[in-house]
Engineer: 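I am attaching a structure below and will ask some questions about it afterwards.
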Amino acid sequence: MARAAAYKLKRKVVLVGMMGSGKTAIGRALSAALDVPFVDSDSAIEEAAALSIAEIFARDGEAFFRRRETEVLRRLLAGPPGIISTGGGAFLAAENRDMIARDAIAVWLDADLATLWERVRHKDTRPLLRTPDPKGTLARLLAERREFYAQAGLRLPIGFHASIEQTTQSALRLLATRPDILETL
């Protein structure tokens with residue numbers, strides 16, 4: 001990993017993309033490399049609700065969850081520079097995209113269907129994939145969401161076999177192309 005002293009993060013970095021793209025893992029690694037705080041917005045929602053995302057979806061529905069997601073994101077964006085990973089649907093809402101564009105930089109972790117499916121197919125914590133055809137559902141969600149993710153300020157292609165460290169180094173190089181976001185010391 002890059003040493004924290006080599007960089008200065010100037011703004012929040014919000015990782016967006018599909019479930020399984022690596023937002024949480026890369027977010028943690030980036031925060032360690034940059035020596036800045038990391039927050040997973042889904043974990044913050046779960047903590048505030050004292051329920052899992054799946055339980056919130058089951059009890060209150062997706063619309064309720066999306067409203068709480070926006071509230072939590074607004075709070076997280078108010079803090080000092082750091083890394084935020086979001087749920088896969090967070091960037092779909094225009095209000096969230098506008099807040100992120102104003103207060104941070106969105107980085108789209110762009111993984112293909114094969115990579116996403118390999119990473120999520122054995123997990124039962126994805127409420128949107130609790131369907132008779134979870135791979136088909138994942139493919140449909142990816143197709144529907146790509147146009148929204150493409151509005152992110154930066155795009156990071158995710159390699160099928162890339163390690164967390166390799167992807168983190170790629171993310172650092174990408175962020176370093178924007179001196180208004182990441183200053184190389």
Side-chain angles (χ1 to χ4, degrees), residues 1-19 21-57 59-110 125 127-128 145 147-156 164 167-168 171-185:
M1 278 302 150
R3 292 197 318 256
Y7 301 101
K8 179 182 179 189
L9 187 64
K10 296 180 174 184
R11 296 181 71 195
K12 291 269 190 197
V13 172
V14 180
L15 302 178
V16 302
M18 287 292 292
M19 62 184 91
S21 63
K23 298 179 301 287
T24 300
I26 300 308
R28 285 188 178 119
L30 271 176
S31 77
L34 297 171
D35 194 26
V36 296
F38 167 75
V39 180
D40 179 301
S41 67
D42 279 352
S43 294
I45 294 165
E46 288 178 333
E47 185 178 313
L51 296 168
S52 71
I53 300 297
E55 290 168 329
I56 296 169
F57 264 72
R59 186 186 79 180
D60 301 310
E62 185 175 0
F64 175 87
F65 171 78
R66 297 296 174 203
R67 288 191 300 273
R68 300 297 79 77
E69 186 174 54
T70 296
E71 291 169 5
V72 166
L73 188 56
R74 182 177 293 112
R75 179 176 51 83
L76 296 176
L77 286 168
I83 311 295
I84 300 170
S85 70
T86 61
F91 204 63
L92 305 183
E95 180 179 3
N96 293 347
R97 289 192 307 276
D98 291 346
M99 280 191 304
I100 292 167
R102 183 185 62 239
D103 299 330
I105 183 74
V107 177
W108 173 24
L109 301 189
D110 184 9
T125 57
L128 294 177
R145 293 176 174 189
E147 69 180 278
F148 296 102
Y149 297 145
Q151 296 176 46
L154 296 170
R155 176 184 166 268
L156 180 66
I164 291 171
T167 304
T168 301
L172 288 169
R173 285 191 297 276
L174 179 63
L175 290 169
T177 67
R178 292 282 307 270
D180 59 318
I181 305 295
L182 185 64
E183 181 180 355
T184 304
L185 304 176

Engineer: Can you check whether Ile53's main-chain N or O pairs, donor with acceptor, with Glu46's side chain at less than 3.5 Å?
Structural biologist: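 Side chain of Glu46 to backbone of Ile53: a pair is present.
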Engineer: Of the options Val36, Leu30, Asp35, which is the one that meets Leu9 in a side chain to side chain contact (heavy atoms under 4.5 Å, CB included)?
Structural biologist: Val36
Engineer: Check whether any side-chain N or O of Lys12 sits under 3.5 Å from a backbone N or O of Pro80 as a donor-acceptor pair, and report yes or no.
Structural biologist: yes
Engineer: Drop me the distance from Ile100's CD1 to Ile105's CD1, to the nearest 0.5 angstrom.
Structural biologist: 10.0 Å
Engineer: Examine distances only and state if a side-chain atom of Arg97 and a backbone atom of Leu92 form a donor-acceptor pair shorter than 3.5 Å.
Structural biologist: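 At least one qualifying donor-acceptor pair exists.
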Engineer: Tell me the closest heavy-atom pair linking Val16 and Ala152, and the distance in Å.
Structural biologist: CG2-CB, 4.2 Å
Engineer: Please list, one pair per line, the donor and acceptor atoms closer than 3.5 Å that link side chains of residues 22-29 to other protein atoms, with sequence neighbours excluded.
Structural biologist:
{"unit_1": "Lys23", "atom_1": "NZ", "unit_2": "Gly17", "atom_2": "O", "d": "3.0"}
{"unit_1": "Lys23", "atom_1": "NZ", "unit_2": "Met18", "atom_2": "O", "d": "2.9"}
{"unit_1": "Thr24", "atom_1": "OG1", "unit_2": "Asp40", "atom_2": "OD2", "d": "2.5"}

Engineer: Looking only at atom types and distance, does a side-chain atom of Thr184 sit under 3.5 Å from a main-chain N or O of Tyr7, one as donor and one as acceptor?
Structural biologist: no
Engineer: How long is the span from the OG1 atom in Thr86 to the CD atom in Glu69, to the nearest 0.5 Å?
Structural biologist: 7.0 Å
Engineer: Tell me every residue that passes side chain to side chain donor-acceptor pair (under 3.5 Å) with Arg173, counting only those two or more places apart in sequence or in another chain.
Structural biologist: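 Testing Arg173 for side chain to side chain donor-acceptor pair (under 3.5 Å), a comparison that skips the adjacent residues, returns Ser170.
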Engineer: Rounded to the nearest 0.5 Å, what separation is found between the OG1 atom of Thr70 and the CD1 atom of Ile45?
Structural biologist: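 If I round to the nearest 0.5 Å, the distance is 8.5 Å.
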Engineer: For the CZ atom of Arg145 and the CZ atom of Phe91, what is their distance to the nearest 0.5 Å?
Structural biologist: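 Output value for this atom pair is 12.5 Å.
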Engineer: Does any non-hydrogen side-chain atom of Leu156 lie less than 4.5 Å from one of Leu15?
Structural biologist: no
Engineer: Taking atom CG of Leu172 and atom CG of Leu34, what is their separation to the nearest 0.5 Å?
Structural biologist: 5.5 Å
Engineer: Would you check, one step at a time, whether the test side chain to side chain contact (heavy atoms under 4.5 Å, CB included) holds for Asp103 with Arg11?
Structural biologist: CA-CA 8 Å; Asp103 299 330; Arg11 296 181 71 195; 5.5 Å; no
Engineer: Look up atom CG in Leu154 and atom CG in Leu175, then write down how far apart they are to the nearest 0.5 Å.
Structural biologist: 6.5 Å
Engineer: Under the side chain to side chain contact (heavy atoms under 4.5 Å, CB included) rule, what do Val14 and Leu77 come out as? Steps first, then yes or no, please.
Structural biologist: CA-CA 9 Å; Val14 180; Leu77 286 168; 3.8 Å; yes
Engineer: Testing the basics here: between Ala176 and Leu182, what is the closest heavy-atom pair and its distance to 0.1 Å?
Structural biologist: N-CD2, 3.9 Å
Engineer: Taking salt bridge (Lys or Arg N to Asp or Glu O under 4.0 Å) as the test, write out the residues that go with Arg178, two or more places apart.
Structural biologist: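 Partners of Arg178 by the salt bridge (Lys or Arg N to Asp or Glu O under 4.0 Å) criterion, ordered by chain and then number, come out as Asp180.
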Engineer: Please name the pair of heavy atoms, one in Pro81 and one in Pro37, separated by the smallest distance, quoted to 0.1 Å.
Structural biologist: O-CD, 3.5 Å
Engineer: Strictly distance-based, threshold 3.5 Å: is any side-chain N or O of Thr177 a donor or acceptor partner for the main-chain N or O of Leu174?
Structural biologist: yes
Engineer: For Phe65, what residues pass the ring-ring contact (aromatic ring centres under 6.0 Å, His included) criterion, not counting sequence neighbours?
Structural biologist: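 Partners of Phe65 by the ring-ring contact (aromatic ring centres under 6.0 Å, His included) criterion, ordered by chain and then number, come out as Phe57.
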Engineer: Please check if atom CD in Glu183 has more than 12 non-hydrogen atoms from other residues, nucleotides or ligands closer than 6.0 Å.
Structural biologist: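 Correct, the count exceeds 12.
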Engineer: Do any N or O atoms from the side chain of Tyr149 and from the backbone of Leu109 form a donor-acceptor pair under 3.5 angstrom?
Structural biologist: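 No, Tyr149 side chain to Leu109 backbone: no donor-acceptor pair under 3.5 Å.
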Engineer: Go through the structure and list residues passing salt bridge (Lys or Arg N to Asp or Glu O under 4.0 Å) with Glu95, not counting sequence neighbours.
Structural biologist: Arg74
Engineer: Could you list the residues that satisfy salt bridge (Lys or Arg N to Asp or Glu O under 4.0 Å) with Arg68, not counting sequence neighbours?
Structural biologist: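 With neighbours one apart ignored, the set is Glu71.
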